[in-house]
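To keep things clear, I will list the structure first and then write my remarks on it.
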Protein chains: 2
Amino acid sequence: MLSIGVLAKRTGTKVQTVRYYEQIGLMPEAERSAGGQRRYATAQLDRLAFIRHARQLGFSLEAIRELLDLSDSPERSCAEVDAVARRQLSEVEARLARLEALRGELQRMIGECHADRVADCRILEVLRDHEECLSDHGAPQP
Amino acid sequence: MLSIGVLAKRTGTKVQTVRYYEQIGLMPEAERSAGGQRRYATAQLDRLAFIRHARQLGFSLEAIRELLDLSDSPERSCAEVDAVARRQLSEVEARLARLEALRGELQRMIGECHADRVADCRILEVLRDHEECLSDHGAPQP
DNA sequence: CTTGAAGCTACACCCGCTGTAGGTCCCATA
DNA sequence: TATGGGACCTACAGCGGGTGTAGCTTCAAG
Ligand SMILES: [Zn+2]
Ligand SMILES: [Zn+2]
Ligand SMILES: [Zn+2]
Ligand SMILES: [Zn+2]
C-alpha cells in the first residue's frame with residue numbers, strides 16, 4: 001500500500017493533481033489508513049500511470065475517461081478506442097496546421113522589419129492590419 | 001461613437017470579451033452615454049482590432065499589453081517589439097515540435113492496431129507503457 | 001409612447017491543474 | 001515512549017482567456 005506521495009512520485013504527478021483526479025472521479029476514491037490518509041494498491045498506480053501518459057499524448061480528461069471505461073471491458077471491440085485515438089490525431093493535426101500558419105506569419109513579419117523606430121516597425125504594421133497577412137489564422141488558440 | 005455591440009461586431013469579438021478586456025485594463029475605460037452605456041471612438045476600434053489580430057497570431061494578453069505600450073512611444077527603437085515577436089515565434093516553434101512528436105506517436109499506435117478486442121488493442125498497450133513510445137513527449141499541453 | 005433589441009452589473013463556470021492556510025498524522029530517532 | 005519534522009488532510013482561491021446566465025435598465029425605430 002502506497003502513500004499518495006509515493007504514488008505521485010512514481011508517476012510523475014503532483015500530490016494535488018492526484019487528489020484532483022479523485023475529486024473529478026477519474027481516480028476511484030482511495031482506501032484510507034486508520035488516521036485518514038490515502039493508501040493505494042498497484043492497480044491504482046497503473047491507472048494513474050495510464051492517465052498521465054495519455055495526458056502527455058494530449059488526450060483530454062474526458063477522452064481519458066472514455067478510454068479507461070473501454071479498457072474495463074476487454075471483450076468488446078476496440079473500434080471505439082481507435083476512434084478516440086483518431087479524433088485525437090485529427091485535433092493534433094488541426095493544431096499543427098494552425099501553428100504552421102502562425103509560424104509563417106511571424107517569420108515573415110520578423111524578417112521584413114528593418115526599421116529602427118517603433119513608428120516604422122513592420123511587426124506593428126502587420127499586427128494593425130490583417131490584410132498584410134498571407135494566411136488566415138482563424139480563432140485564438142483553443 | 002460606436003456602441004459596444006457595433007465595436008464587437010466590427011472586430012469579430014464578443015461583447016463580453018470587450019468588457020473583459022476593459023476589466024483587465026487592456027482596453028481603457030470607455031466613455032459612457034447619458035444612460036450609462038459604453039461609447040467608443042475610432043481609436044478604440046483600432047486598438048481592439050490590434051488586440052484581436054495579435055490574439056489570432058497567438059500572442060498572450062501580457063505580450064499584447066507590452067506591444068500596445070511600445071506602440072505608444074513611436075520614437076523608441078523597435079528592438080523590444082521585435083524581441084516580443086521573436087519570443088512568440090520560439091514558443092510557436094516549441095509547440096510545433098511537441099505536436100509533431102505527438103502526431104508521430106498517435107499515427108504509429110493507430111497504424112499498429114490490428115486487433116478486434118479491447119484486450120489486444122495496441123493503442124491501449126502503448127498508453128499503458130511509455131516504453132512503447134519512440135519519442136519523449138514531456139509535459140501535458142501547456 | 002410603446003416595444004423589443006441591446007446594454008448594464010454581478011456572478012458562476014469551463015479546463016487542468018497549482019498554491020496556500022491551518023490543521024493532523026506517521027514513523028524514525030533519542 | 002516521547003518528540004520532532006516531514007508528509008498528509010480539507011477547503012478554498014487563482015491562473016489564462018474568456019463564456020454564459022439572471023435580472024435589471026436604456027435606446028431607438030415605429
Ligand atoms: Zn520592428
Ligand atoms: Zn493576420
Ligand atoms: Zn485497437
Ligand atoms: Zn510515451
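Please read all numbers here as calculations on a predicted model, not as lab measurements. Quick note on labels: first sequence line is chain A, next is B, and so on, each numbered from 1.
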Choosing from [options], which nucleotide comes nearest the side chain of [X]?
| X | options | result |
| --- | --- | --- |
| A:Y20 | C:dT18, C:dG7, C:dC26 | C:dT18 |
| B:R32 | C:dG16, C:dG19, C:dC8 | C:dC8 |
| A:Q37 | D:dC8, C:dG16, D:dG18 | D:dC8 |
| A:Q16 | C:dC17, C:dG16, C:dT20 | C:dT20 |

Given atom [atom1] of [X] and atom [atom2] of [N], what is their separation to the nearest angstrom?
| X | N | atom1 | atom2 | result |
| --- | --- | --- | --- | --- |
| A:E22 | D:dC8 | CD | P | 14 Å |
| B:L7 | C:dA6 | CG | C1' | 14 Å |
| B:R55 | D:dG18 | CZ | C1' | 9 Å |
| A:L2 | D:dA7 | CG | P | 16 Å |
| A:M1 | C:dC25 | CE | C1' | 18 Å |

Report task. Compute whether any side-chain donor of one residue and acceptor of the other, for A:Q37 and A:S3, lie under 3.5 angstrom apart. Result -> no
Query raised in the report: Hey, which of B:L48, B:V6, B:I4 is the one that makes side-chain contact (heavy atoms from CB on, under 4.5 Å) with B:Y40?
Result: B:I4
Any side-chain N or O of [X] less than 4.0 Å from the OP1 or OP2 oxygen of [N]?
| X | N | answer |
| --- | --- | --- |
| A:R38 | D:dT10 | yes |
| A:S33 | C:dC26 | yes |
| A:T17 | C:dT18 | yes |
| A:K14 | C:dG16 | no |

Query raised in the report: Could A:E125 and A:R128 be called an ion pair, given the rule that one side-chain N must be under 4.0 Å from one carboxylate O?
Result: no
Query raised in the report: Can you check whether A:R38 reaches A:V18 side chain to side chain, under 4.5 Å on heavy atoms?
Result: no
Requested in this report: Determine the minimum heavy-atom distance between B:A85 and A:L106, stating which atoms define it.
Outcome: O-CD2, 4.4 Å
Sugar-phosphate only, base, or nothing, as touched by [X] at under 4.0 Å among non-hydrogen atoms:
| X | result |
| --- | --- |
| A:R52 | sugar-phosphate |
| A:R19 | base |
| A:I4 | sugar-phosphate |

Report summary line: Per nearest nucleotide of DNA chain D, the residue lying toward the 5' end, B:L61 or B:R39, is B:L61
Report summary line: The residue, A:Q23 or A:K9, whose nearest nucleotide of DNA chain D is more 5′ is A:K9
